[in-house]
Amino acid sequence: MKLPFIPSVTSPTETPDAAFWFIFRGSDLLVVENGETAELPASSEDFTLLRQHYLGKLEEETADIHCYAAEVDRETQPPTGMQFVGLRQLFTRLSNNYLWLAGRAVQIIDWDRTHQFCSRCATPNEILDYERAKKCPNCGLTTYPRISPAIIVR
């Protein structure tokens, strides 16, 4: 089954009608509690974000949903009706498409957090706007996130 997702690094210029935010506190994802299932928040307006990245567009039957990854401070408390949960605990509570994207999002956030400085010369890296990469303005070293796909086989 093909995932109906189109990755991108360029966010839409206008605020999208539909969006999902993969907001992490460490490696825990913010979700809206909905009984036995969980949903993703549709906005990040209640938070001060440490970093954010546009992930791309998820093509759903009813609408295209733009997806963002973001990180908040470790002291951030979730709003009422929401909580931060580890991805493994969401295996049966979050749709497979969203869980797959959450795995991608946490890796991008982790890469951004751990590659603030050039590993060759320690100069602060700059995020490139045309590809998911960072480049050192001093020595020119380019670093890319390592996205590790995972499968479970029986």
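Since this is a predicted model, take the numbers as computed values, not measurements.
You'll find the side chain of V31 stays beyond 4.5 Å of the side chain of M82, heavy atoms only. Annotation: side chain of F117 is not in contact with side chain of C136 (no heavy-atom distance under 4.5 Å). The shortest side-chain heavy-atom distance between L58 and L101 falls under the 4.5 Å cut-off. Between L94 and L29 there is a side-chain heavy-atom pair separated by less than 4.5 Å. At a threshold of 4.5 Å between non-hydrogen side-chain atoms, the residues P124 and Q116 do not count as touching. Side-chain contact between V106 and W111 is absent, with no heavy-atom pair separated by less than 4.5 Å.
Interatomic distance, CD1 of I108 versus CD1 of I147, reported as 4.5 Å (0.5 Å rounding). How far CH2 of W21 is from CD of E45: 10.5 Å, rounded to the nearest 0.5 Å. Between the CZ atom in R25 and the OG1 atom in T76 there is a gap of 7.5 Å [rounded to 0.5 Å]. Here E59 contributes atom CD and N97 contributes atom CG; the two are 11.5 Å apart, rounded to the nearest 0.5 Å. Atom CG of L128 and atom CG of N125 lie 9.0 Å apart (nearest 0.5 Å). Between the CD1 atom in I65 and the SG atom in C67 there is a gap of 7.0 Å [rounded to 0.5 Å].
Minimum interatomic distance between N138 and C121 (heavy atoms only, all atoms of both residues): ND2-SG, 3.3 Å. Smallest separation of non-hydrogen atoms from D110 and R113: OD1-NH1, 2.7 Å. The heavy-atom pair separating S44 from L49 by the smallest distance is OG-CD1, 3.8 Å. T142 and A133 get closest at one heavy-atom pair: CG2-CB, 3.9 Å. The two residues L141 and S119 come nearest to each other via the heavy atoms CD2-OG, 3.5 Å. Nearest approach of E60 to Y98, heavy atoms of both residues: OE2-OH, 3.5 Å.
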**Request:** Report the C-alpha distance between L90 and L99 in whole Å, list the side-chain angles of each, state the deciding distance to 0.1 Å, and finish with yes or no for side-chain contact (heavy atoms from CB on, under 4.5 Å).
**Result:** CA-CA 8 Å; L90 292 171; L99 196 57; 4.2 Å; yes

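When the options Q107, Q52, K134 are evaluated for a side chain to side chain donor-acceptor pair (under 3.5 Å) with D112, the one that passes is K134. When E39, E33, E36 are each tested for a salt bridge (charged side-chain N to carboxylate O under 4.0 Å, His left out) with R93, only one passes: E33.
Cluster membership for L30 and L50, using ILVMFWY side-chain heavy atoms within less than 4.5 angstrom, is not shared. Under the 4.5 Å side-chain heavy-atom criterion for grouping Ile, Leu, Val, Met, Phe, Trp and Tyr, Y54 is connected to I23 within one hydrophobic cluster. Hydrophobic clustering, with ILVMFWY side chains joined whenever heavy atoms are under 4.5 angstrom apart, groups F20 together with F24. Residues L40 and V85 share a hydrophobic cluster, clusters being chains of Ile/Leu/Val/Met/Phe/Trp/Tyr side chains in contact below 4.5 Å. One hydrophobic cluster, built from ILVMFWY side chains closer than 4.5 Å, cannot hold both L87 and V72; they sit in different ones.
Heavy atoms from other residues, nucleotides or ligands lying under 6.0 Å from CG of N34 number more than 12.
In the hydrophobic clustering, where aliphatic and aromatic side chains (Ile, Leu, Val, Met, Phe, Trp, Tyr) are joined below 4.5 Å either directly or transitively, V9 stands alone.
Applying the side-chain contact (heavy atoms from CB on, under 4.5 Å) rule to P16 yields the partners P12, A19, H66, Y68; only residues at least two apart in sequence or on another chain are considered.
Salt-bridge annotation for K135 and E126: absent, with no side-chain N of the basic residue lying under 4.0 Å from a carboxylate O of the acidic one.
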